[in-house]
Every structure is written in C-alpha cells, then in structure tokens.
**Q** 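Questions regarding the structure given below will be posed in turn.
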Amino acid sequence: MSTPVIELRGVERTYGSPPTTALAGVDLVIEEGEMLAIVGPSGSGKSTMLNIVGSLDRATAGDAFIAGHDLATLNDAELSALRAHTIGFIFQQFHLSDGVSALENVATGLLYTGIPPRERRERAAAALKRVGLGRRLGHNPRQLSGGERQRVAIARAVVGNPRLILADEPTGSLDTASGAEVVSVLRELNEQGAAVVVITHDNELAEQLPRRVRIRDGRIISDDRKVTSWAS
Ligand code: ADP
Ligand code: MG
C-alpha cells in the first residue's frame with residue numbers, strides 16, 4: 001500500500017496550565033485520494049485536529065505524518081514548503097482579501113512556490129474556471145455571493161494542485177443551495193485525485209461522504225466507511 005497522506009498516532013494537544021485537553025490521543029490514517037467528513041459537536045477538537053494535520057499547530061504528544069513526513073522533525077521553513085506544495089486550506093469565513101480581485105486572491109495561493117507572477121495569474125484563472133468562476137476573474141469578493149466567495153477560496157486552495165485539501169466547516173456560512181454547490185466542487189476535486197477532509201457538524205452533508213470520523217471530547221468515537229450513494 002502507498003504511504004498514507006495523513007497518519008496520526010496518539011496525537012494529543014493540551015492548552016495552558018493547568019492544562020485543558022483539546023485532543024486526547026487520536027489515531028487516524030487517511031489514504032491518498034480519500035474523501036471523508038470529520039463530525040462532532042462544537043468544542044470537540046475538530047479544528048485543533050485539522051490545524052495539527054495542516055501543520056499550523058503542533059501536537060503536544062504523539063506523532064503526525066503528512067505524506068510520509070514526520071511533522072515533529074521539520075523546521076518552520078520546511079513546514080511552509082510542505083504546506084505550499086501539499087495542502088490546500090478552506091475555512092468557514094473564506095479569508096479572502098476584499099481589496100483585490102478574485103484572480104489576485106487565487107494567485108496568492110502560489111506566492112511561496114517560486115512560480116513567476118505571470119504564470120501565477122494564468123494558473124489562478126484556470127483554477128477559477130475549474131470552480132465555475134471563469135466569468136468572475138476581475139470581481140472583488142464583495143461583489144460575489146457567499147457561495148461564489150467560497151468557490152474563490154477553493155480555487156486558491158487548489159491552484160497549486162495539492163494532494164490534500166483540508167476544509168474546516170466550508171459550508172458553515174452558506175445557505176443550503178450554495179453549500180451543496182461547494183460540496184459538489186469538493187467532490188469533483190476528490191474525483192480528480194486529491195484527498196479531501198471536510199469538518200462539518202452538518203450530518204446531512206456527512207452522510208453524503210464515503211467515510212465519517214466522529215469525534216467527541218478530543219477522541220475519535222467512530223470511524224464508519226459504510227458505502228453510500230452520492231446525493232445528486
Ligand atoms: P471544534 O473545532 O470541534 O469546535 P476546537 O478544536 O476549536 O473544537 O476546540 C477544542 C477544545 O480546545 C475546546 O475546548 C476549545 O475551547 C479548546 N481550545 C481550542 N483552541 C484553544 C486555544 N488556542 N487556547 C485554549 N483552548 C483552546
Ligand atoms: Mg472548529
């Protein structure tokens with residue numbers, strides 16, 4: 001079998017002193033090309049786990065491997081490089097810059113790759129076309145609907161062709177129709193080969209995905225791969 005894209009072994013994260021525990025020993029393996037939901041109530045540790053997987057935060061105990069790299073052994077520059085080349089992030093609040101066009105927002109996703117500016121813009125335009133926004137390249141985020149903004153954020157996440165897409169409540173700020181659109185874009189990206197991890201507390205969304213990992217009080221309480229048909 002190939003190297004998993006994510007492997008967590010006994011991962012713990014505590015904050016402060018006296019310590020409060022956000023993750024209490026998580027073991028999780030995600031293979032290349034998988035798509036799954038991480039489901040759990042507010043405060044259960046979902047974002048903490050995603051931030052550790054995305055190397056935005058470090059575990060206080062245990063081991064985390066991303067695409068075979070032991071995160072504990074990488075320095076900050078190496079972690080930035082791993083993020084730039086391997087991981088695309090999508091957040092509930094989009095995190096777009098209102099001052100610049102959709103195209104410029106997406107092109108920033110390639111800032112740390114060494115690709116020259118002109119090619120960054122060409123690739124950004126292609127990524128926006130991929131998410132159905134080929135006619136919105138010059139729009140400012142404020143001129144776009146919520147669903148369109150999240151699709152700009154998805155284009156920025158995937159412009160470098162990451163093997164791993166990490167989405168933290170990507171539909172949390174969207175109405176049902178826009179949310180469904182965003183999920184269908186994520187599914188297409190998965191069909192094109194990326195592993196996609198979607199944090200959600202929307203059970204309906206989770207039920208559409210081929211694997212569901214449920215987390216509570218910092219622990220995985222179930223990991224269910226029952227085969228479901230895609231909702232259309
Ligand atoms: P979720 O994303 O499932 O809502 P989080 O991972 O954000 O949960 O939080 C898990 C637990 O860790 C919560 O109890 C939260 O209050 C705590 N926590 C998260 N981030 C911090 C932090 N920076 N400092 C202290 N406690 C934190
Ligand atoms: Mg969260």
Side-chain angles (χ1 to χ4, degrees), residues 5-30 34-66 71-72 74 76 79-80 82-83 87-96 146-147 149-154 156-157 162 164-176 178-180 182-183 185-186 189-190 194-209 211-224:
V5 69
I6 295 174
E7 186 171 357
L8 304 180
R9 287 197 216 131
V11 166
E12 296 177 19
R13 178 66 165 102
T14 55
Y15 290 106
S17 137
T20 57
T21 300
L23 283 184
V26 166
D27 298 298
L28 182 67
V29 174
I30 298 174
E34 272 202 88
M35 182 163 190
L36 68 151
I38 308 276
V39 197
S42 179
S44 57
K46 304 181 299 296
S47 294
T48 301
M49 189 169 94
L50 206 81
N51 289 341
I52 289 171
V53 165
S55 77
L56 300 170
D57 187 20
R58 285 187 190 265
T60 40
D63 299 303
F65 300 85
I66 301 306
L71 294 184
L74 303 183
D76 285 347
L79 289 175
S80 301
L82 179 69
R83 279 195 297 273
I87 307 174
F89 292 94
I90 299 160
F91 300 99
Q92 176 174 356
Q93 298 303 337
F94 321 137
H95 294 314
L96 301 175
R149 284 183 210 186
Q150 192 59 299
R151 282 189 281 149
V152 174
I154 292 174
R156 180 183 55 192
L164 174 60
I165 296 170
L166 301 176
D168 193 347
E169 304 273 7
T171 66
S173 301
L174 303 177
D175 59 73
T176 309
S178 305
V182 160
V183 172
V185 170
L186 290 173
L189 294 167
N190 175 247
V196 179
V197 182
V198 183
I199 286 183
T200 183
H201 56 245
D202 179 345
N203 269 309
E204 232 173 277
L205 192 171
E207 291 303 324
Q208 294 173 37
L209 303 189
R211 180 179 177 193
R212 285 160 294 279
V213 172
R214 290 185 194 276
I215 177 168
R216 181 167 297 231
D217 298 332
R219 294 175 198 281
I220 291 176
I221 55 166
S222 70
D223 184 349
D224 139 36

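Atoms within a ligand are numbered from 1 in the order they appear, just like the ligands themselves.
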**Q** Does ligand 1 have an atom that lies less than 4.0 angstrom from a heavy atom of Gly40?
**A**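 No; Gly40 lies far enough from ligand 1 that no heavy-atom distance drops under 4.0 Å.
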
**Q** Would you sort out whether Leu174 and Phe94 count as a side chain to side chain contact (heavy atoms under 4.5 Å, CB included), showing the intermediate values?
**A** CA-CA 11 Å; Leu174 303 177; Phe94 321 137; 3.9 Å; yes

**Q** Give me the nearest non-hydrogen protein atom to atom 8 (O) of ligand 1 as residue plus atom name, then the distance to 0.1 Å.
**A**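 For atom 8 (O) of ligand 1, the nearest protein heavy atom is Gly45 N, 3.3 Å.
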
**Q** Can you check whether Lys46 has an N/O within less than 3.5 Å of an N/O in ligand 1?
**A** yes

**Q** Quick test of your reading of the model: are Arg211 and Asp223 salt-bridged, counting only N-O distances below 4.0 Å?
**A**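 Here Arg211 pairs with Asp223 in a salt bridge, since their nearest N and O are under 4.0 Å apart.
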
**Q** Within 4.0 Å of atom 23 (N) of ligand 1 (strictly less), any protein heavy atom?
**A**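 Given the 4.0 Å limit, the answer for atom 23 (N) of ligand 1 is yes, a protein heavy atom qualifies.
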
**Q** State, to 0.1 Å, how close Gln150 and Phe91 come at their nearest heavy-atom pair, and which atoms those are.
**A** NE2-O, 2.9 Å

**Q** Among all protein non-hydrogen atoms, which one is nearest to atom 26 (N) of ligand 1, and what is the separation to 0.1 Å?
**A**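 Looking only at protein heavy atoms, the one closest to atom 26 (N) of ligand 1 is Tyr15 CD1, 3.3 Å.
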
**Q** Strictly under 2.8 Å, is the Mg ion (ligand 2) approached by any N, O or S atom of Ser47?
**A**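 It does: Ser47 brings an N, O or S atom closer than 2.8 Å to the Mg ion (ligand 2).
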
**Q** Quick one: closest heavy-atom pair of Gly88 and Pro162, and the distance?
**A**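 Taking Gly88 first and Pro162 second, the nearest heavy atoms are N-CB, 3.6 Å.
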
**Q** Looking at Tyr15 and Ala22, what are the two nearest heavy atoms and their distance?
**A** CE1-CB, 3.6 Å

**Q** Is a side-chain donor or acceptor of Arg219 paired with a backbone partner of Ala24 at a separation under 3.5 angstrom?
**A**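 At least one qualifying donor-acceptor pair exists.
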
**Q** Among protein heavy atoms, which sits nearest to atom 7 (O) of ligand 1, and what does the distance come to when rounded to 0.1 Å?
**A**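 Nearest neighbour among protein heavy atoms for atom 7 (O) of ligand 1, to 0.1 Å: Ser47 CB, 3.8 Å.
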
**Q** Protein heavy atoms near atom 15 (C) of ligand 1, is at least one of them under 4.0 angstrom away?
**A** no

**Q** Ser42 near ligand 1, heavy-atom distance under 4.0 Å?
**A** yes

**Q** For ligand 1, which atoms sit closer than 4.0 Å to a heavy atom of Thr48?
**A**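 Reading through ligand 1 atom by atom, the close ones are 5 (P), 6 (O), 9 (O), 10 (C).
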
**Q** Please report the shortest heavy-atom distance between Ser55 and Leu79, naming the atom on each side.
**A**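 Where Ser55 meets Leu79 most closely, the heavy atoms are CB-CD2, 3.8 Å.
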
**Q** Which heavy atom in Pro170 sits nearest to a heavy atom in Leu186, and how many Å separate them?
**A** CG-CD1, 4.2 Å

**Q** Evaluate Ala22 for polar contact with ligand 1, using N/O atom pairs at a separation under 3.5 Å.
**A**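 No, since none of the N or O atoms of Ala22 sits under 3.5 Å from an N or O of ligand 1.
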
**Q** Would you mind checking which non-hydrogen protein atom is closest to atom 13 (C) of ligand 1, with the distance to 0.1 Å?
**A**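 The protein heavy atom lying closest is Gly43 O, 3.7 Å.
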
**Q** Considering all heavy atoms of both residues, which atom of Gly54 and which atom of Leu166 are nearest to each other, and what is their separation?
**A** CA-CD1, 3.6 Å

**Q** Using a 4.0 Å cut-off to any heavy atom of Pro41, which atoms of ligand 1 qualify?
**A** 3 (O)

